[in-house]
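Just so you know, ligand 1 is whichever comes first in the structure, and atom 1 is the first atom listed for that ligand. All values below come from the heavy atoms of this structure, side chains included, with hydrogens, waters and symmetry mates left out. Only a predicted model underlies this, so the values are computations on that prediction, with no experimental measurement involved.
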Amino acid sequence: MSASTSERALREAVVATALAMNAQGINRGKSGNVSVRLSKNGFDGFLITPTGMPYADTTPDDIVAVTTNGEARGARLPSSEWRFHRGIYRVRPDVGAIVHTHAPFATALACLHCEIPSFHYMVAVAGGRNIRCAPYATFGTQELSDHAVAALEGRNACLLANHGMIAVSTSLSAALALAVEVETLAEMYWRARQQGEPVLLSSEEMDVVLDKFRTYGQPD
Ligand SMILES: [Zn+2]
(Lines give C-alpha, C1' and ligand atoms only; values in the text may rest on other atoms or scores of the structure.)
Protein backbone atom coordinates (compact mmCIF):
# COMPACT_ATOMS: atom_id res chain seq x y z
CA MET A 1 0.00 0.00 0.00
CA SER A 2 1.48 3.33 -0.98
CA ALA A 3 1.39 6.22 1.44
CA SER A 4 -0.66 8.16 -1.10
CA THR A 5 -3.47 5.60 -1.24
CA SER A 6 -6.60 7.56 -0.37
CA GLU A 7 -8.97 6.49 2.38
CA ARG A 8 -11.70 6.17 -0.26
CA ALA A 9 -9.57 3.77 -2.28
CA LEU A 10 -8.83 1.74 0.86
CA ARG A 11 -12.55 1.53 1.70
CA GLU A 12 -13.27 0.30 -1.83
CA ALA A 13 -10.45 -2.24 -1.55
CA VAL A 14 -11.82 -3.60 1.75
CA VAL A 15 -15.23 -4.20 0.11
CA ALA A 16 -13.59 -5.78 -2.97
CA THR A 17 -11.47 -8.07 -0.78
CA ALA A 18 -14.51 -9.19 1.25
CA LEU A 19 -16.38 -10.02 -1.97
CA ALA A 20 -13.34 -11.82 -3.38
CA MET A 21 -13.02 -13.88 -0.17
CA ASN A 22 -16.44 -15.40 -0.82
CA ALA A 23 -16.03 -15.60 -4.61
CA GLN A 24 -12.81 -17.58 -4.17
CA GLY A 25 -14.54 -20.09 -1.94
CA ILE A 26 -12.64 -19.39 1.28
CA ASN A 27 -15.64 -17.93 3.09
CA ARG A 28 -19.40 -18.20 2.96
CA GLY A 29 -22.19 -15.82 3.89
CA LYS A 30 -21.58 -12.98 6.34
CA SER A 31 -18.93 -14.69 8.44
CA GLY A 32 -15.33 -13.57 8.18
CA ASN A 33 -14.08 -9.98 8.03
CA VAL A 34 -11.44 -7.81 6.41
CA SER A 35 -9.43 -4.79 7.58
CA VAL A 36 -6.65 -2.50 6.40
CA ARG A 37 -4.41 -0.24 8.47
CA LEU A 38 -5.13 3.49 8.26
CA SER A 39 -2.70 6.05 9.65
CA LYS A 40 -3.19 9.62 8.47
CA ASN A 41 -3.98 13.11 9.72
CA GLY A 42 -3.57 12.05 13.32
CA PHE A 43 -5.82 9.00 12.92
CA ASP A 44 -4.14 5.80 14.01
CA GLY A 45 -6.16 2.67 13.46
CA PHE A 46 -7.79 0.62 10.72
CA LEU A 47 -10.77 0.31 8.38
CA ILE A 48 -12.89 -2.82 8.89
CA THR A 49 -16.00 -4.45 7.43
CA PRO A 50 -19.23 -3.75 9.35
CA THR A 51 -20.95 -6.39 11.45
CA GLY A 52 -23.82 -8.45 10.11
CA MET A 53 -24.04 -7.08 6.54
CA PRO A 54 -23.95 -9.24 3.39
CA TYR A 55 -20.84 -8.21 1.46
CA ALA A 56 -22.87 -7.78 -1.74
CA ASP A 57 -24.81 -4.98 0.01
CA THR A 58 -21.77 -3.35 1.66
CA THR A 59 -20.61 -0.02 0.20
CA PRO A 60 -17.38 1.88 0.94
CA ASP A 61 -19.40 4.19 3.25
CA ASP A 62 -20.42 1.17 5.38
CA ILE A 63 -16.77 0.41 6.21
CA VAL A 64 -16.01 1.44 9.81
CA ALA A 65 -12.90 3.27 11.00
CA VAL A 66 -11.65 1.99 14.38
CA THR A 67 -8.85 3.66 16.36
CA THR A 68 -6.18 1.67 18.17
CA ASN A 69 -8.02 2.73 21.37
CA GLY A 70 -11.09 0.87 20.14
CA GLU A 71 -13.25 3.88 19.22
CA ALA A 72 -15.42 3.18 16.17
CA ARG A 73 -16.22 6.00 13.75
CA GLY A 74 -18.89 5.48 11.12
CA ALA A 75 -22.55 4.91 10.41
CA ARG A 76 -22.24 1.16 11.07
CA LEU A 77 -20.95 -0.95 13.91
CA PRO A 78 -17.61 -2.64 13.21
CA SER A 79 -17.19 -6.40 12.82
CA SER A 80 -17.66 -8.17 16.14
CA GLU A 81 -14.04 -9.35 15.74
CA TRP A 82 -12.52 -5.84 15.71
CA ARG A 83 -10.58 -6.63 18.91
CA PHE A 84 -8.22 -9.16 17.33
CA HIS A 85 -7.69 -6.87 14.35
CA ARG A 86 -6.68 -4.13 16.79
CA GLY A 87 -4.55 -6.52 18.83
CA ILE A 88 -2.63 -7.61 15.74
CA TYR A 89 -2.05 -4.07 14.39
CA ARG A 90 -0.84 -2.95 17.82
CA VAL A 91 2.00 -5.45 18.08
CA ARG A 92 2.78 -6.05 14.40
CA PRO A 93 3.97 -2.89 12.65
CA ASP A 94 4.74 -5.07 9.60
CA VAL A 95 1.04 -5.89 9.13
CA GLY A 96 -0.96 -3.64 6.80
CA ALA A 97 -4.04 -5.81 6.24
CA ILE A 98 -5.91 -8.71 7.84
CA VAL A 99 -8.27 -11.30 6.33
CA HIS A 100 -10.30 -13.53 8.67
CA THR A 101 -12.41 -16.35 7.23
CA HIS A 102 -14.30 -19.47 8.23
CA ALA A 103 -12.76 -21.40 5.31
CA PRO A 104 -14.11 -24.97 5.40
CA PHE A 105 -10.91 -27.04 5.52
CA ALA A 106 -8.92 -24.68 7.73
CA THR A 107 -11.89 -24.50 10.10
CA ALA A 108 -12.38 -28.28 10.08
CA LEU A 109 -8.75 -28.70 11.21
CA ALA A 110 -9.26 -25.93 13.79
CA CYS A 111 -12.24 -27.86 15.19
CA LEU A 112 -9.82 -30.74 15.83
CA HIS A 113 -7.44 -28.25 17.51
CA CYS A 114 -4.96 -29.40 14.89
CA GLU A 115 -2.13 -27.20 13.64
CA ILE A 116 -0.90 -27.53 10.04
CA PRO A 117 2.53 -29.16 10.40
CA SER A 118 5.38 -29.28 7.88
CA PHE A 119 3.64 -31.82 5.59
CA HIS A 120 4.30 -29.61 2.53
CA TYR A 121 7.05 -27.08 1.89
CA MET A 122 4.49 -24.33 1.14
CA VAL A 123 3.57 -24.27 4.84
CA ALA A 124 6.59 -21.94 5.03
CA VAL A 125 4.60 -19.31 3.10
CA ALA A 126 3.02 -18.40 6.45
CA GLY A 127 6.46 -17.57 7.82
CA GLY A 128 7.48 -20.62 9.85
CA ARG A 129 7.75 -24.40 10.15
CA ASN A 130 4.04 -24.81 10.98
CA ILE A 131 0.76 -22.92 11.03
CA ARG A 132 -0.40 -22.86 14.65
CA CYS A 133 -3.91 -23.30 15.98
CA ALA A 134 -4.82 -20.72 18.65
CA PRO A 135 -6.76 -22.08 21.67
CA TYR A 136 -10.52 -21.51 21.73
CA ALA A 137 -12.04 -18.37 23.18
CA THR A 138 -15.47 -16.79 22.63
CA PHE A 139 -15.70 -14.68 19.46
CA GLY A 140 -15.22 -10.95 19.91
CA THR A 141 -13.36 -11.24 23.22
CA GLN A 142 -10.00 -9.84 24.30
CA GLU A 143 -9.06 -13.41 25.23
CA LEU A 144 -9.47 -14.49 21.60
CA SER A 145 -7.38 -11.49 20.51
CA ASP A 146 -4.60 -12.48 22.93
CA HIS A 147 -4.65 -16.08 21.67
CA ALA A 148 -4.54 -14.95 18.03
CA VAL A 149 -1.65 -12.56 18.63
CA ALA A 150 0.33 -15.34 20.36
CA ALA A 151 -0.37 -17.88 17.58
CA LEU A 152 0.78 -15.31 14.99
CA GLU A 153 4.14 -14.72 16.66
CA GLY A 154 6.71 -15.13 13.88
CA ARG A 155 3.87 -16.12 11.51
CA ASN A 156 1.52 -14.49 9.03
CA ALA A 157 -1.33 -16.97 9.46
CA CYS A 158 -2.95 -19.08 12.16
CA LEU A 159 -6.01 -21.22 12.77
CA LEU A 160 -8.50 -20.35 15.54
CA ALA A 161 -9.84 -23.39 17.41
CA ASN A 162 -13.52 -24.13 16.74
CA HIS A 163 -13.72 -20.95 14.67
CA GLY A 164 -11.64 -20.27 11.52
CA MET A 165 -8.38 -18.72 10.39
CA ILE A 166 -6.52 -15.42 10.12
CA ALA A 167 -4.07 -14.31 7.40
CA VAL A 168 -2.07 -11.08 7.67
CA SER A 169 0.22 -9.29 5.24
CA THR A 170 1.43 -5.92 4.05
CA SER A 171 -1.55 -5.37 1.73
CA LEU A 172 -5.14 -6.55 1.26
CA SER A 173 -4.29 -8.46 -1.93
CA ALA A 174 -1.37 -10.23 -0.25
CA ALA A 175 -3.44 -11.11 2.84
CA LEU A 176 -6.20 -12.52 0.62
CA ALA A 177 -3.69 -14.54 -1.41
CA LEU A 178 -2.22 -15.95 1.80
CA ALA A 179 -5.68 -16.90 3.11
CA VAL A 180 -6.32 -18.79 -0.15
CA GLU A 181 -2.95 -20.54 0.22
CA VAL A 182 -3.66 -21.54 3.84
CA GLU A 183 -7.05 -22.98 2.87
CA THR A 184 -5.39 -24.90 0.00
CA LEU A 185 -2.80 -26.33 2.41
CA ALA A 186 -5.53 -27.22 4.92
CA GLU A 187 -7.44 -29.09 2.20
CA MET A 188 -4.29 -30.97 1.08
CA TYR A 189 -3.44 -31.89 4.67
CA TRP A 190 -7.02 -33.00 5.34
CA ARG A 191 -7.05 -35.20 2.22
CA ALA A 192 -3.61 -36.68 2.95
CA ARG A 193 -4.79 -37.59 6.46
CA GLN A 194 -7.68 -39.55 4.94
CA GLN A 195 -5.09 -41.97 3.54
CA GLY A 196 -2.70 -42.19 6.45
CA GLU A 197 -0.19 -40.16 8.41
CA PRO A 198 1.55 -37.63 6.13
CA VAL A 199 5.37 -37.68 6.14
CA LEU A 200 6.61 -34.41 7.63
CA LEU A 201 9.56 -32.40 6.36
CA SER A 202 12.36 -31.98 8.89
CA SER A 203 13.01 -28.72 10.73
CA GLU A 204 16.28 -28.43 8.79
CA GLU A 205 14.52 -28.75 5.44
CA MET A 206 11.83 -26.23 6.45
CA ASP A 207 14.59 -23.79 7.45
CA VAL A 208 16.10 -24.19 3.96
CA VAL A 209 12.72 -23.39 2.41
CA LEU A 210 12.14 -20.44 4.74
CA ASP A 211 15.52 -19.06 3.72
CA LYS A 212 14.69 -19.47 0.03
CA PHE A 213 11.30 -17.74 0.51
CA ARG A 214 13.03 -14.72 1.99
CA THR A 215 14.76 -14.11 -1.34
CA TYR A 216 12.17 -15.62 -3.72
CA GLY A 217 10.18 -13.61 -6.26
CA GLN A 218 10.50 -10.25 -7.90
CA PRO A 219 12.18 -7.38 -6.08
CA ASP A 220 9.68 -4.74 -4.93
ZN1 LIG B 1 -14.97 -15.42 12.78
| task | For the residue pair N130 and E115, confirm or rule out a side-chain donor-acceptor distance under 3.5 Å. | result | yes

| query | Taking the six-membered ring for Trp, are Y189 and F119 parallel (under 30°), tilted (30 to 60°) or perpendicular (over 60°)? | reply | tilted

| note | Under 2.8 Å from the Zn ion (ligand 1), the protein N, O or S atoms found are H100 NE2, H102 NE2, H163 NE2

| Are I166 and V66 in one and the same hydrophobic cluster, where Ile, Leu, Val, Met, Phe, Trp and Tyr link if side-chain heavy atoms are under 4.5 Å apart? | yes

| Is the H102 ring parallel, tilted or perpendicular to the H100 ring (thresholds 30°, 60°)? | perpendicular

| query | Thinking salt bridges, do K212 and D207 make one under a 4.0 Å N-O criterion? | reply | no

| Is any side-chain heavy atom of V15 less than 4.5 Å from a side-chain heavy atom of T59? | no

